[in-house]
Amino acid sequence: MNILSAVNITKTFGDKILFDDISFTVNEKQRIGLIGVNGTGKSTLLKLLAGLETADRGKLVHANHFRVEYLPQNPEFDPNSTVLEQVFHGDTPLMKTLRDYELALAELELDPSSEKKQARLFTAQSRMDEQGAWEASTLAKTVLMKLGISEFDKPVGLLSGGQRKRVAMARVLIQPADLLILDEPTNHIDNETAIWLEEFLGKWRGALLLVTHDRYFLERVTNRMLELDRGKIYSYEGNYEAFLEKKAERMESEAASEDKRQNLMRRELAWLRRGAKARTTKQKARVQRAEELRDHKVDGPGEKLDMALAGSRLGKKVMELEAVTKAFPGGKTLLSGFSYIVMPKDRLGIIGPNGSGKSTLLNMLAGRIQPDSGTIEHGQTVKLAYYTQENVEMDEKMRVIEYIKEAAELIRTSDGETISASQMLERFMFSPTLQWSPIGKLSGGERRRLYLLRTLMGEPNVLLLDEPTNDLDIQTLTILEDYLDHFPGAVITVSHDRYFLDRTVSHLFAFDGQGRIEPYIGNYSDYLEEKQQQEEAEQARKEFVRQASGSASPSKAVPGDSQASSGSAGTNRPKKLTFKEQKEWDEIESTIAGLEDKSASLKQQIEAAGSDFDRVRDLYEQEQQTTADLEAAMERWTYLSELVEEIERNKL
């Protein structure tokens with residue numbers, strides 16, 4: 001059933017046409033992803049549908065009691081209000097009841113002996129009962145906890161920008177709505193939270209319309225795609241994968257139409273030039289037809305970003321981190337004794353919870369802050385570029401072309417060509433007209449693309465990227481990924497974008513938030529799969545030990561576990577180790593000691609290798625593997641020792 005219709009909508013921004021007579025509908029329970037290059041008007045269209053913008057022409061048609069909830073990219077709050085006051089913001093009776101209850105509860109906690117405040121809380125509780133509001137209250141707090149917000153009474157003004165975005169998200173997720181509109185919901189949330197949000201939206205009862213750069217999110221959440229392209233809107237049934245297939249078909253069809261038009265025009269012109277009589281009626285019709293073919297434009301492929309910028313030669317020594325430690329003032333450790341040698345072709349991804357120290361590590365690598373202890377050395381040939389996630393301060397009155405010329409008048413491309421700043425801007429999809437616009441007139445995504453160009457203009461050979469996918473459109477990200485594929489130097493990326501990590505990194509550092517960093521060889525999907533297998537194995541081990549200890553009633557054996565059937569009648573308690581386990585138990589301590597010695601020896605050899613970077617690299621890879629083997633042996637020793645202890649207890 002149709003719940004919203006946009007009819008012949010036209011919207012301009014200054015001299016730029018965002019939408020030109022577009023129409024589309026939204027149906028019940030549809031999950032729609034909105035795609036388009038930065039600056040095409042995606043956020044403006046969302047605001048228009050949410051009732052916060054008006055169209056120049058056209059109209060929106062919906063039912064009288066149609067309700068929309070909208071999450072903007074940059075939500076605004078009263079800084080003095082608390083988290084819960086913002087979450088329960090709204091004019092519905094349910095939200096008012098929830099606010100009254102939380103306020104009454106907070107006041108009574110400050111003055112528990114006040115009979116007046118006790119009575120007020122009792123009244124608020126009664127209203128909660130009448131309206132069945134307890135479930136909504138629990139849902140709100142659960143959503144906040146899942147989004148990493150636990151201090152419900154904290155003033156919003158004391159939260160970070162990312163935390164405020166998550167509070168705003170909680171607010172819209174708990175409100176009943178016919179249409180939920182989300183503008184970049186995956187910005188400022190970590191990977192685990194993004195997975196939770198996917199699951200939550202999978203159960204959403206109303207319709208959903210969202211803008212996101214997270215292609216896995218689009219793939220798993222949407223069942224229809226809308227694309228804004230050069231003032232027009234195109235609809236595709238299916239998720240992101242289906243969109244890619246159907247858009248390719250559309251582009252092929254448009255290209256074929258343009259080829260057909262060009263061929264017709266060539267034939268008409270050829271006929272005219274053969275010398276037929278000049279002023280016959282038929283000749284005039286031919287001339288008119290040729291002119292119409294010449295003037296009629298069929299939309300072909302739009303502008304394409306060209307990121308072919310030159311880089312500098314990089315020597316063998318890039319960066320060496322030795323026993324780097326960093327803590328927040330007040331004691332929280334972010335890194336503890338972290339050592340690593342960055343190699344020239346490294347593609348490193350850094351993941352972990354918000355606040356665990358990922359950006360801090362990049363800032364130390366860039367020399368912006370210093371470690372509390374340890375050293376970070378850069379090679380002599382390193383030419384570093386740092387693309388930060390912070391909103392870079394730009395003079396909004398400065399013109400786009402002036403901002404780029406401030407860095408360089410001429411830019412060298414990867415094929416050795418030297419081009420002007422204006423030509424480079426055109427390759428980054430800034431038209432000649434847009435180049436003379438003030439920066440203040442650019443969209444948020446266009447500003448990020450402009451900042452990306454300026455970052456890459458210095459011909460770097462080491463790239464530090466801090467959340468590069470925030471506010472960049474999918475087309476730009478796809479080309480950036482291709483650029484990184486061919487980038488000749490080292491790339492170190494902090495990102496929560498699972499697709500981007502899978503495409504661009506081959507080695508991960510996972511921060512646990514307690515100062516420990518777990519290395520992993522492989523991409524992010526591989527890492528997630530291995531973590532899940534480890535968790536399942538650990539759960540199976542705990543269940544086996546629990547059953548073996550007799551703390552629960554007998555149940556089915558752990559699949560594939562030989563000890564599960566070796567217990568006494570009526571229990572799963574093992575009487576003794578198997579022959580293989582006994583042999584392993586007898587040898588495991590010497591195995592661990594041998595691995596410890598090997599690890600220490602390899603570290604000494606790395607130190608002694610000095611500037612022989614090829615040998616250092618080989619030794620480092622051996623040391624990393626030895627460390628992984630040692631951790632696995634220690635895990636196995638823990639399991640066997642618990643099993644031996646349990647067997648000894650059973651003998652008593």
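A salt bridge links Glu417 and Arg427; the closest N-O separation between the charged side-chain nitrogens and carboxylate oxygens is under 4.0 Å. With respect to Glu481 and Arg347, no salt bridge is recorded, no charged nitrogen being found less than 4.0 Å from a carboxylate O. Salt-bridge annotation for Glu227 and Lys42: absent, with no side-chain N of the basic residue lying under 4.0 Å from a carboxylate O of the acidic one. The pair Glu396-Arg447 counts as a salt bridge, with a side-chain nitrogen and a carboxylate oxygen less than 4.0 angstrom apart.
Here the closest non-hydrogen pair linking Leu480 and Pro468 is CD2-CB, 4.5 Å. Considering every non-hydrogen atom in both Pro460 and Leu384, the closest pair reads CB-C, 4.4 Å. Scanning all heavy atoms of the two residues, the minimum distance from Ala408 to Ala421 falls at O-CB, 3.8 Å. Residues Glu241 and Glu219 come closest through the heavy atom pair N-OE1, 2.9 Å. Pairing each heavy atom of Gln163 with each of Leu159, the nearest pair is OE1-CA, 3.4 Å. Of all non-hydrogen atoms in Lys383 and Asn461, the two that sit nearest each other are N-OD1, 2.7 Å.
Thr469 places none of its side-chain heavy atoms less than 4.5 Å from the side chain of Asp214. Counting only heavy atoms from C-beta outward, the side chains of Leu465 and Val494 never approach each other to under 4.5 Å. Using a 4.5 Å heavy-atom threshold, the side chains of Ile492 and Asp346 count as separate. With a 4.5 Å cut-off on side-chain heavy atoms, Tyr527 and Glu518 count as touching. Residues Phe13 and Thr44 form no side-chain contact, since every pair of their non-hydrogen atoms from C-beta on lies 4.5 Å or further apart. Looking only at side-chain heavy atoms (C-beta outward), Ile376 and Met364 come within less than 4.5 Å of each other. Here the side chains of Leu463 and Leu484 are in contact, with some heavy-atom distance below 4.5 Å. A 4.5 Å side-chain heavy-atom check between Arg230 and Ile17 finds every atom pair outside the cut-off.
In the model, Asp56 has a side-chain atom that pairs as donor or acceptor with a side-chain atom of Thr12 under 3.5 Å. Side-chain contact of Asp183 with Ser43: a donor-acceptor pair under 3.5 Å is present, judged by distance alone. A side-chain donor from one of Ser422 and Gln435 sits under 3.5 Å from a side-chain acceptor of the other. Side chains of Tyr451 and Asp471: a donor-acceptor N/O pair is absent below 3.5 angstrom, by distance only. Using modelled atom types and a 3.5 Å distance limit, the side chains of Asp466 and Ser359 yield a donor-acceptor pair.
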Begin from the C-alpha positions of Arg215 and Arg498 and carry the test side chain to side chain contact (heavy atoms under 4.5 Å, CB included) through to its verdict. CA-CA 8 Å; Arg215 283 151 286 181; Arg498 299 158 290 175; over 6 Å; no
Walk me through whether Val37 and Met429 qualify under side chain to side chain contact (heavy atoms under 4.5 Å, CB included). CA-CA 10 Å; Val37 174; Met429 298 191 298; 3.6 Å; yes
Does Gln475 form a side-chain hydrogen bond (donor to acceptor under 3.5 Å, both in side chains) with Thr478? I'd like the steps, not just the answer. CA-CA 5 Å; Gln475 179 178 330; Thr478 302; over 6 Å; no
Apply side chain to side chain contact (heavy atoms under 4.5 Å, CB included) to residues Ser339 and Leu321 and explain how you reach the verdict. CA-CA 5 Å; Ser339 297; Leu321 293 80; 5.6 Å; no
Give the intermediate values and the outcome of side chain to side chain contact (heavy atoms under 4.5 Å, CB included) for residues Phe19 and Ile233. CA-CA 8 Å; Phe19 326 128; Ile233 196 161; over 6 Å; no
Take Ser443 and Asn38 through the side-chain hydrogen bond (donor to acceptor under 3.5 Å, both in side chains) test and state the conclusion after the steps. CA-CA 7 Å; Ser443 70; Asn38 289 139; 5.3 Å; no
Give the intermediate values and the outcome of side-chain hydrogen bond (donor to acceptor under 3.5 Å, both in side chains) for residues Arg448 and Tyr387. CA-CA 10 Å; Arg448 294 296 285 175; Tyr387 182 85; 3.3 Å; yes
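No donor-acceptor pair closer than 3.5 Å links the side chain of Asn523 to the backbone N or O of Val505. Checked by atom type and distance alone, the side chain of Asp497 pairs as donor or acceptor with a backbone atom of Phe500 at under 3.5 Å. Side chain of Lys397 to backbone of Pro438: no donor-acceptor contact under 3.5 angstrom is found. Side-chain atoms of Thr381 come within 3.5 Å of backbone atoms of Gly315 as a donor-acceptor pair (strictly under, hydrogens ignored). Counting only distance, with no hydrogens or angles, the side chain of Lys358 and the backbone of Pro353 share a donor-acceptor pair below 3.5 Å. For Thr193 (side chain) and Ile189 (main-chain N/O), no donor-acceptor pair under 3.5 Å exists by modelled atom type. Judged by distance alone, with hydrogens and angles left aside, the side-chain atoms of Glu245 form no donor-acceptor pair with the main-chain N or O of Ala242 at under 3.5 Å. Between the side chain of Lys326 and the main chain of Ser373, no donor-acceptor pair closer than 3.5 Å is present. Looking only at distances, no side-chain donor or acceptor of Gln625 sits under 3.5 Å from a matching main-chain atom of Gln622.
Around the NZ atom of Lys441, the shell of radius 6.0 Å holds no more than 12 heavy atoms that belong to other residues, nucleotides or ligands. When the shell of 6.0 Å around CZ of Arg57 is examined, it contains 12 or fewer heavy atoms from other residues, nucleotides or ligands. For Ile439, the CD1 atom is densely surrounded, since the number of other residues' heavy atoms within 6.0 Å is greater than 12.
Taking CG of Leu228 as the reference point, atom CG of Leu18 lies at 8.5 Å (rounded to 0.5 Å). Taken from CD1 in Ile411 to CE in Met424, the straight-line distance is 6.5 Å, to the nearest 0.5 Å. Here the OH atom belonging to Tyr386 is positioned 3.5 Å from the CG atom belonging to Asn363, to the nearest 0.5 angstrom. From Leu244, atom CG reaches atom CG of Leu218 across 9.5 Å, with rounding to the nearest 0.5 Å. To the nearest 0.5 Å, the span separating CZ on Phe511 from CD1 on Ile517 amounts to 3.5 Å. Rounding to the nearest 0.5 angstrom, the gap separating the CZ atom in Arg368 from the OG1 atom in Thr360 is 12.5 Å.
Two rings, from Tyr240 and Tyr216, have their centers 6.0 Å or more apart. Remark: aromatic rings of His496 and Tyr524 are distant, center separation not under 6.0 Å.
Taking the salt bridge (Lys or Arg N to Asp or Glu O under 4.0 Å) definition, one finds that Glu406 meets it with Arg454, sequence neighbours left out.
Geometrically, Arg224 does not engage Tyr236 in a cation-pi contact, judged by NZ or CZ lying under 6.0 Å from the ring centre and within 45° of the ring axis.
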